[in-house]
There are 2 protein chains.
Amino acid sequence: MTMAYDGHLFHGFQKQIKDRTVQETVEKALFKMTKGKEVAVHGSGRTDAGVHAKGQVIHFDYPGNIPPQNMIRALNSMMPLDTIFLAGAIVDANFHAQFDTIGKWYRYRVDLGRYTDPFKRFYTGHYPYPVDIERIKLALPALLGEHDFTSFAASGGVIKNKVRTIYYANVEYDEGQNEFIFDFVGNGFLYNMVRILVATALEIGNGRRPIDDFKRLIMVRDRNEARATAPASGLYLQEVYYDEIPEQFRLK
Amino acid sequence: MTMAYDGHLFHGFQKQIKDRTVQETVEKALFKMTKGKEVAVHGSGRTDAGVHAKGQVIHFDYPGNIPPQNMIRALNSMMPLDTIFLAGAIVDANFHAQFDTIGKWYRYRVDLGRYTDPFKRFYTGHYPYPVDIERIKLALPALLGEHDFTSFAASGGVIKNKVRTIYYANVEYDEGQNEFIFDFVGNGFLYNMVRILVATALEIGNGRRPIDDFKRLIMVRDRNEARATAPASGLYLQEVYYDEIPEQFRLK
């Protein structure tokens, strides 16, 4: 099933002992629907506290026969209003929302206003400093392709292999909102990777780093070189891919 | 001073005994700035719990001499992030933010999506039923001019005179957001008036009321005839006018 959620009142996707999470909220709804059966929910991946999703994908083995449209309606009627189920399908018993992904699209919104906009504080990052989008546009292509992204992974992760492929990296200026919209599509992303990429891109745009710094940072494989992490509030898991990467996001 | 606020965590503008309000929050900040002097804050009018402002105007008598730009900075540094001061000016000692208004602009956003959008639940109303914007466009002009709006005022208000002048009433469809954007400019609005006007307009658009029903409702002066009230979440106090109504909003 595909779902969206406003992450600002969730402590992330993954179940925790105390705090409210997306996974727990879905499992509770399924517990009610099955009148007391525990149904494990598997997501395509975790999203951190405060991170949003427009197209998170989950799977679960439901003990019963409910057509997808009815399942969407039933879950939406029982879930809190900061979540919404958008689509559903009955899949092969082998399907796994996490292990079968071939790619993900993340978006990051950066508000450029002088002050923190009260209406955007939970939904964007904020960069009130001078920034030249052309410098960022020149910098981003260095990320494309297969690289070791050790410099852009938060320390403490358990995943040893830091090699990922980025298919698409782009930034646009939204004049109406006075925002930068970053889009990244890749075969997978390390812990905090998008948020570190965005923070570094903004420093390049600001002139505090040279335009070709992404190249150097990939080479040095040192997390201490790419210091900043953009806040969770601007990050959106847009789509998760299982069959193919959409045409417009493929490496040219 | 002109300020914006995200109303969803405020119990409205006006001070209350217990709940968090905008007025109280500003007064607390001024109390700190003056190191313990009570400075009364006067708004252009109340906004209800959950109602937003893009351009609320307040005045206060500050016991000291702080240039407007510094006052904006000082207040913004002390106020919570769901408020923002946008402009300020030193005004005549007689100026009163409420009594000197000559007009206000309210906006109302209606999300038309099938389900409640998790990202919009605090920022729009929601109308998931069929609705024909052309019917609403034909209906709105009946509101223009001076009328007794008794049918559109929540009961329980203390204000006896229900005659107001509406200078501008418009609706547009925002395709990107799949929303109706209603704009109303008038010399004043009764309690819940914009929210009742919007709810009635949607019923006209849906075909549950005839296109000329605004005319009849104005005539009958009966609150029971215009039943529904659109939720607070979609309402924005956009601007408050003291000198003149902007050209584009004047009665043609």
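Note that the coordinates shown come from a computational prediction; the quantities given were computed from them, not determined experimentally. Chain naming here is simple, since letters A, B, ... match the order of the sequence lines and numbering starts at 1 in each.
- Proximity to chain A (any heavy atom under 4.5 Å) is shown, for B:T116, by both the backbone and the side chain.
- More than 12 non-hydrogen atoms from other residues, nucleotides or ligands lie less than 6.0 angstrom from OH of A:Y242.
- Shown here is A:R107, whose CZ atom has more than 12 heavy atoms of other residues, nucleotides or ligands within 6.0 Å.
- Atom CZ of B:R20 is surrounded by more than 12 heavy atoms from other residues, nucleotides or ligands within 6.0 Å.
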Report the C-alpha distance between A:Y123 and B:Y123 in whole Å, list the side-chain angles of each, state the deciding distance to 0.1 Å, and finish with yes or no for side chain to side chain contact (heavy atoms under 4.5 Å, CB included).
CA-CA 12 Å; A:Y123 305 108; B:Y123 305 108; 3.9 Å; yes

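- How far CD1 of A:I84 is from NZ of B:K120: 12.0 Å, rounded to the nearest 0.5 Å.
- Residue A:R250 qualifies as enclosed at atom CZ: its count of foreign heavy atoms under 6.0 Å is above 12.
- Counting non-hydrogen atoms of neighbouring residues, nucleotides and ligands closer than 6.0 angstrom, the CD atom of A:Q248 exceeds 12 such neighbours.
- Scanning all heavy atoms of the two residues, the minimum distance from A:L81 to B:R121 falls at O-CD, 3.4 Å.
- Here A:Y236 and B:F119 bring their ring centres to under 6.0 angstrom of each other.
- Proximity to chain A involves both the backbone and the side chain of B:D82, based on heavy atoms less than 4.5 angstrom apart.
- Scanning all heavy atoms of the two residues, the minimum distance from A:A4 to B:P118 falls at O-CG, 4.1 Å.
- Among residues two or more places apart in sequence or in another chain, the ring pair (Phe, Tyr, Trp, His ring centres under 6.0 Å) test is passed with A:F249 by A:W105, A:Y168.
- Looking at every heavy atom in both residues, A:F85 comes nearest to B:Y115 through O-CE1, 4.5 Å.
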